[in-house]
Amino acid sequence: MTALSAHAAAADAPSDLARLSAVDLLAGYRRKRFTPVDVVEDIIAALDATHTRCNVVVTAMYEQARADAKRLAAAMRAGEPCGPLAGVPVTIKDLVFVAGVPAYAGSPMNKSFVPDADAAVVSALKAAGAIITCKTTTCESGYKLTADSPVTGLTRNPWNPSHTSGGSSGGAAAAVASGCGPIAIGTDGVGSIRVPSSFCGVFGLKPTFGLVPRSPGFAPPSWASLAHTGPITRTVADAALALETIAIHDLRDAASLAVAQRRFDASPRPLTGLRIGASADLGYAAVAPDVRAAFAKAVAVLEDCGARISGDHPGIDSRILERTLKPIAFIEQAAAVAHKTGDELADCDTDYRDVIAAGRSYAGVDYVEAGYRRTQMRAAFVDLFSRVDALVTPTVAVTAFGAGQLGVASIDGTPVDPHLGWSPFSWPINLAGLPAATVPCGFDRDGLPIGLQIIAPWLDEPTIFKIAAAFEEAQPWAGRWPEMRR
């Protein structure tokens with residue numbers, strides 16, 4: 001019995017069902033130890049408690065969830081086939097469409113918007129029998145790496161509510177970390193799955209660009225060439241289960257990859273012979289001392305698991321933020337609201353309006369030139385992965401900062417860009433379109449989580465699962481809970 005299974009076996013009383021993994025929920029249903037009705041009621045109670053403390057829910061879908069749970073419970077009693085995720089509760093980030101449910105996307109511009117179709121991932125989850133419980137908080141249109149918005153206010157970190165959850169999938173990560181169900185769906189344009197997962201001490205996966213479709217769209221459809229959709233979970237096995245469901249081809253998304261559906265093995269195995277490049281700073285980043293120390297220990301764990309560690313990294317130009325990412329990200333963000341007037345933007349977040357103004361200030365040639373530099377950066381990763389099977393870095397250069405802050409302006413005495421400079425390891429991976437995940441690897445001196453980022457070649461999610469599962473077995477995290485859930 002694994003550490004997680006032992007924890008689950010001790011925790012499957014009705015008052016603790018909300019904390020079980022998806023794998024253990026499915027096992028409990030098969031053994032008739034509880035029903036989806038029991039689970040959903042516990043999930044709703046956990047969401048209510050967490051929302052009061054951390055502000056994670058935008059739109060509750062509790063009555064529909066209860067109805068779905070009753071329907072599935074009846075089908076299970078009758079022995080009818082119900083789908084691979086039957087009865088597993090899932091939350092959906094408010095950038096992702098659920099038909100008939102408001103999609104505010106954290107923006108006053110969307111105060112009356114209700115999509116009439118499910119996003120492809122939502123359709124896939126429903127078809128698999130998952131139960132959607134709510135929409136979770138995000139920043140405005142996913143433009144920054146916190147989940148604060150003029151629509152929902154501040155989303156807070158369950159480990160310390162005076163600190164940010166990170167973002168923009170902040171409500172999703174905080175809910176999973178607090179035991180509000182095993183799976184959340186987030187999106188990631190410059191780190192928006194990995195940053196909050198790192199800050200909240202959970203597992204987050206950004207798949208290869210295009211592996212999971214984004215259709216019929218976000219609200220508004222920003223970060224066109226950067227945004228990925230993926231799962232946030234407590235365990236590696238749950239993320240594998242979720243990805244098997246949502247990694248589908250959808251012709252409505254021009255970037256959707258026409259690849260066959262796959263199974264992902266998240267069973268822990270030795271890493272014998274696996275070549276892993278490890279870099280604490282990618283040669284240019286400022287990193288907080290506690291993060292550096294946790295990263296060094298995590299690399300030692302991987303070496304103990306059998307991996308061959310080297311100092312290889314892609315040698316990224318330190319000017320990549322200003323010369324490559326900002327022209328692409330800001331222009332794509334501005335293009336998403338190009339039809340909006342100044343009056344329509346008046347109630348938006350001040351920083352969001354600044355990003356739009358910056359995007360509108362660039363010329364078309366800036367976008368094209370940034371695309372050339374992006375191609376060169378991708379070539380550097382191609383060269384790197386001829387020498388190693390994966391790359392590990394810290395997930396974020398700092399731990400969670402104060403709630404309501406945009407970011408930090410310096411790290412260990414070194415000035416950084418407050419928008420993106422404190423997360424130097426996330427957005428280069430979006431530019432490259434690579435798969436990447438974060439696993440919890442420690443805590444800072446104030447008890448805030450630290451993450452280890454695992455990056456693999458294009459469409460090589462299996463290597464990420466292999467490394468993450470080995471690390472999870474060697475240094476388990478699923479049994480550690482914020483104070484509010486102990």
Side-chain angles (χ1 to χ4, degrees), residues 144-146 166-169 173 188-201 203-207 209 226 228 230 276-299 302 309 311-322 324-326 329 374 377-378 380-381 384-385 388 390-401 407-408 411-412 414 416-442 444 448-457 464 467-468 471:
K144 62 181 177 180
L145 291 174
T146 66
S168 59
S169 307
D188 190 313
V190 289
S192 289
I193 286 173
R194 290 157 293 155
V195 169
S197 296
S198 178
F199 279 4
C200 293
F203 183 81
L205 172 67
K206 178 189 78 66
F209 183 71
L226 295 165
H228 307 227
I276 298 179
S279 177
D281 56 17
L282 291 182
Y284 68 87
V287 181
D290 284 358
V291 173
R292 281 188 179 272
F295 176 74
K297 291 179 181 178
V299 170
L302 294 176
I309 305 296
D312 283 288
H313 64 79
I316 296 173
D317 188 330
S318 62
R319 298 168 294 173
I320 188 174
L321 173 61
E322 296 295 333
T324 308
L325 178 71
K326 282 189 175 181
R374 184 181 194 172
M377 190 195 72
R378 285 172 60 91
F381 276 105
L384 171 69
F385 289 128
V388 298
L391 170 68
V392 294
T393 70
T395 305
V396 191
V398 296
T399 51
F401 42 83
V408 299
I411 299 173
D412 200 26
T414 300
V416 298
D417 181 285
H419 267 107
L420 297 164
W422 49 272
S423 186
F425 308 110
S426 61
W427 45 262
I429 313 309
N430 293 78
L431 283 169
L434 294 163
T438 178
V439 299
C441 70
D444 71 5
L448 292 166
I450 297 170
L452 171 73
Q453 181 175 224
I454 305 166
I455 307 155
I464 288 179
I467 296 171
F471 190 86

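Remember, it's a predicted structure, so these values are computed and weren't measured experimentally.
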Are the side chains of [Y] and [X] in contact, using a 4.5 Å heavy-atom criterion?
X: Leu452; Y: Leu302; value: yes
X: Leu391; Y: Pro314; value: yes
X: Asp417; Y: Glu322; value: yes
X: Asp290; Y: Thr399; value: no
X: Ile276; Y: Val388; value: no
X: Ile450; Y: Phe295; value: no
X: Arg194; Y: Asp188; value: yes
X: Leu325; Y: Ile320; value: no

Fill in the blank from the handout: side-chain hydrogen bond (donor to acceptor under 3.5 Å, both in side chains) pairs touching residues 276-287, sequence neighbours excluded, are Asp281-Arg292
Taking all non-hydrogen atoms of both residues, which atom of [X] and which atom of [Y] are closest, and how far apart?
X: Ala468; Y: Phe203; answer: CB-CE1, 3.7 Å
X: Ala285; Y: Phe425; answer: CB-CZ, 3.8 Å
X: Gly166; Y: Pro196; answer: C-CB, 3.8 Å
X: Ala436; Y: Ile455; answer: CB-CG1, 4.0 Å
X: Ala437; Y: Leu205; answer: CB-CD1, 3.8 Å
X: Ile464; Y: Ala456; answer: CG1-CB, 3.6 Å

Practice task
Verify, without hydrogens or angle tests, whether Ser197 (side chain) and Ala173 (backbone) share a donor-acceptor contact under 3.5 angstrom.
Solution key: no
Exercise for the section: Keeping the roles fixed (side chain from Ser423, backbone from Val396), state whether a donor-acceptor pair exists under 3.5 Å. Expected result: no
Practice task
Report the C-alpha separation of Leu145 and Leu420 in whole Å, then their side-chain angles, then the decisive distance to 0.1 Å, and conclude whether the side-chain contact (heavy atoms from CB on, under 4.5 Å) test is met.
Solution key: CA-CA 8 Å; Leu145 291 174; Leu420 297 164; 4.0 Å; yes
Exercise for the section: Give, for atom OG1 of Thr146 and atom CZ of Phe401, the distance between the pair rounded to the nearest 0.5 Å. Expected result: 6.5 Å
Exercise for the section: Test side-chain contact (heavy atoms from CB on, under 4.5 Å) on Leu434 and Phe385 and set out the steps. Expected result: CA-CA 11 Å; Leu434 294 163; Phe385 289 128; 4.0 Å; yes
Problem - Test log, rule side-chain contact (heavy atoms from CB on, under 4.5 Å), inputs Phe199 and Thr438 - result: CA-CA 10 Å; Phe199 279 4; Thr438 178; over 6 Å; no
Handout entry: Test log, rule side-chain contact (heavy atoms from CB on, under 4.5 Å), inputs Ile429 and Lys206
Key = CA-CA 9 Å; Ile429 313 309; Lys206 178 189 78 66; 3.9 Å; yes
Handout entry: Those residues that, when tested against Thr393, pass side-chain hydrogen bond (donor to acceptor under 3.5 Å, both in side chains) (two or more places apart)
Key = Gln453
Practice task
Could you tell me which residues satisfy side-chain hydrogen bond (donor to acceptor under 3.5 Å, both in side chains) with Ser198, sequence neighbours excluded, listed by chain and number?
Solution key: none
